[in-house]
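Read through the structure below, which is laid out as structure tokens, and then see the notes.
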Amino acid sequence: MPELPEVEITRRRIAPLLVGRRISGVTTTRDSYLYLTPPAQLRRGLEGRLVTDLARRGKYLVATLDDAQRLLIHLGMTGQLFAETATSVRLLSATARQALAPEEQVRFAPDAHTHLQVAFDDGGPRVFLRDVRKFGKLRLLGPDEPEPRLDRLGVDALAVSGELLFAVSRRRKLAVKNLLLDQSILAGVGNIYADESLFLAGVRPTRRALRVTRAEFARIAEALVAVLRRSIETGGSSIRDFVAPDGSDGHYQDERRAYGRTGEPCLVCGTAIVRILVGQRGTHYCRRCQR
DNA sequence: GTTCCCCTGCGG
DNA sequence: CCGCAGGGGAAC
């Protein structure tokens with residue numbers, strides 16, 4: 001679910017509820033591959049620690065603790081990190097949702113998908129991590145313990161340049177969209193913002209990377225940064241699951257030009273947006289505007 | 001390079 | 001019932 005803008009919004013809004021607070025208790029669910037660190041070890045390592053920093057690397061969040069451990073968090077497709085005080089129907093199961101009157105607010109109760117509950121010694125609001133599909137990841141790193149997932153990451157997508165993309169794309173036969181999705185090249189781009197930036201740049205997602213010109217990569221890089229910045233400004237994309245830690249929705253979905261607009265008219269030329277598969281991912285583009 | 005898998009829920 | 005979903009990693 002979350003790409004760079006959603007992870008950045010999550011970071012900004014959950015940081016005040018983590019940084020400077022001391023963890024008094026941690027509850028986990030049963031072991032699964034969500035836990036790169038076994039839950040019991042995670043609880044032992046976190047309890048009693050003060051959180052000193054929360055940073056973003058690509059789509060990862062990294063919380064630093066006062067004993068120099070780091071907690072690595074990846075939200076996968078359906079991960080939600082939020083405060084106990086948040087109110088949003090996106091935090092409820094469909095059945096719980098249906099039981100609600102239209103404008104009713106209900107307090108979230110940790111459910112089977114709430115894999116992490118963190119309480120603090122100040123007695124204030126707890127922080128929850130919910131992840132229905134469990135594609136997310138949690139790992140507690142010892143001081144200076146290496147983490148290949150982080151070491152592999154390329155340049156943050158907000159800092160991309162056309163020259164960089166042009167340089168790494170020579171001799172690469174893959175579709176240009178898949179180049180943008182490669183986290184070892186660009187950290188933070190996912191399916192929505194890949195489609196959106198290629199639309200704005202007028203480049204077809206299936207074009208082989210080595211056939212994309214320097215000028216086109218300049219446009220792609222410019223579009224990508226603009227789209228990511230604008231999405232952060234508007235609170236990210238709340239299409240299915242994404243909800244900010246305070247319970248609010250993002251609004252970038254209202255500004256989408258390609259992603260998920262299959263059959264709808266291109267906002268530039270009116271041609272119906274088509275959906276194809278590129279590397280197993282749904283891909284949306286305008287066959288007239290994007291060549 | 002593709003292909004398949006991890007897992008759960010929703011909407012057609 | 002089937003296909004689909006803001007991700008990523010391992011196996012052909």
Side-chain angles (χ1 to χ4, degrees), chain A residues 1-10 29-36 56-61 72-81 89-98 111-115 130-139 147-154 157 169 171-197 206 208-210 224 227-228 231-232 234-244 249-256 258-263 275-284:
Chain A
M1 159 195 65
E3 306 183 32
L4 186 153
E6 292 76 34
V7 177
E8 178 62 18
I9 291 293
T10 299
T29 49
R30 49 177 286 218
D31 201 3
S32 76
Y33 62 86
L34 168 85
Y35 299 104
L36 299 174
R56 181 186 60 75
R57 294 279 318 277
K59 300 176 194 171
Y60 289 89
L61 290 172
L72 185 76
I73 304 171
H74 194 290
L75 298 174
M77 289 280 270
T78 53
Q80 301 164 314
L81 191 60
V89 295
R90 294 184 198 275
L91 300 172
L92 303 176
S93 68
T95 44
R97 216 174 286 190
Q98 280 166 8
D111 60 4
H113 304 302
T114 310
H115 301 290
R130 185 167 181 268
D131 185 353
V132 170
R133 291 175 75 183
K134 296 194 285 263
F135 288 172
K137 294 281 174 283
L138 285 174
R139 184 179 176 193
E147 173 44 87
R149 289 171 180 77
L150 293 181
D151 296 340
R152 259 199 306 265
L153 292 178
S169 64
R171 340 177 127 249
R172 302 289 306 267
K173 283 176 59 180
L174 80 177
V176 60
K177 174 173 177 179
N178 287 334
L179 186 85
L180 300 183
L181 291 176
D182 184 339
Q183 302 297 299
S184 70
I185 295 173
L186 276 190
V189 182
N191 213 28
I192 296 179
Y193 302 104
D195 281 4
E196 292 300 303
S197 57
T206 50
R208 307 216 179 245
L210 78 178
L224 194 48
V227 159
L228 295 172
S231 181
I232 292 171
T234 57
S237 296
S238 291
I239 295 171
R240 300 172 89 75
D241 303 303
F242 176 68
V243 56
D249 280 357
H251 297 286
Y252 192 76
Q253 66 275 12
D254 302 337
E255 301 185 19
R256 277 175 299 155
Y259 180 85
R261 295 193 66 245
T262 314
R275 176 185 181 277
I276 60 169
L277 283 182
V278 175
Q280 306 294 93
R281 315 292 304 276
T283 297
H284 316 75

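A 4.5 Å side-chain heavy-atom check between A/Leu36 and A/Leu138 finds every atom pair outside the cut-off.
The shortest non-hydrogen separation linking A/Pro2 to A/Gly76 is CD-O, 2.8 Å. When all heavy atoms of A/Arg133 and A/Thr78 are compared, the pair lying nearest together is N-OG1, 2.9 Å.
For A/Tyr60 and A/Ser237, each mapped to the nucleotide of DNA chain C holding its nearest heavy atom, the one lying further toward the 5' end belongs to A/Ser237. Along DNA chain B, the nucleotide nearest A/Tyr33 and the nucleotide nearest A/Leu92 are compared for position; the residue whose nucleotide lies closer to the 5' end is A/Tyr33. If you find the closest nucleotide of DNA chain B to A/Arg208 and to A/Val132, the one lying nearer the 5' end belongs to A/Arg208.
Atom pair A/Phe135:CZ and B/dC4:P shows a separation of 16 Å (rounding to whole Å applied). Between A/Leu91 atom CG and B/dG9 atom P the separation is 15 Å, expressed in whole Å. Distance A/Ile73 CD1 to C/dG8 P: 15 Å, rounded to the nearest Å. Rounded to an integer number of Å, the gap from A/Met77 CE to C/dA5 C1' is 5 Å. Protein atom CG of A/Leu150 is 11 Å distant from nucleotide atom P of C/dG9, rounded to whole Å. Between A/Arg130 atom CZ and B/dT8 atom P the separation is 13 Å, expressed in whole Å. One can place NZ of A/Lys134 at 17 Å from C1' of C/dG8, the figure rounded to the nearest angstrom. Taking atom CD on A/Gln280 and atom P on C/dA10, their separation rounds to 18 Å, with Å as the unit.
Counting non-hydrogen atoms under 4.0 angstrom, A/Gln183 reaches the backbone sugars and phosphates but no base. Nucleic acid contact class of A/Leu174 (heavy atoms, under 4.0 Å, all strands): sugar-phosphate only. When heavy atoms are screened at a 4.0 angstrom cut-off, A/Arg256 is found touching no nucleic acid atom at all. A/Asp131 comes within 4.0 angstrom of nothing in the nucleic acid, heavy atoms only. Within 4.0 Å of A/Ser238, counting heavy atoms only, lies at least one base atom of the nucleic acid. Counting any heavy atom pair closer than 4.0 Å across all strands shown, A/Tyr259 reaches sugar-phosphate atoms only and no base atom.
Nucleotides B/dG9 and C/dG8 are separated by 22 Å at their P atoms, to the nearest Å. Spacing between B/dC6 and C/dC1 at atom C1', rounded to whole Å, works out to 23 Å.
Phosphate contact (OP1/OP2 of B/dG9, side-chain N/O of A/His113, threshold under 4.0 Å): present. The phosphate of C/dG8 has neither OP1 nor OP2 within less than 4.0 Å of any side-chain N or O from A/Arg152. Between C/dG8 and A/Lys59, a contact under 4.0 Å exists linking OP1 or OP2 to a side-chain N or O.
With respect to A/Leu4, the side-chain contact (heavy atoms from CB on, under 4.5 Å) criterion is satisfied by exactly one of A/Leu224, A/Ile232, A/Val227: A/Ile232.
Counted by atom type alone, A/Asp195 and A/His284 present one or more donor-acceptor pairs between their side chains at under 3.5 Å.
Separating the CD atom in A/Glu147 from the NZ atom in A/Lys137 is a distance of 11.0 Å, to the nearest 0.5 Å.
Within the shown strands, B/dT3 is the pairing partner of C/dA10 under the Watson-Crick or G-U definition, both distances less than 3.5 Å.
Out of B/dC7, B/dG1, B/dC10, the shortest distance to the side chain of A/Arg240 is found at B/dC10.
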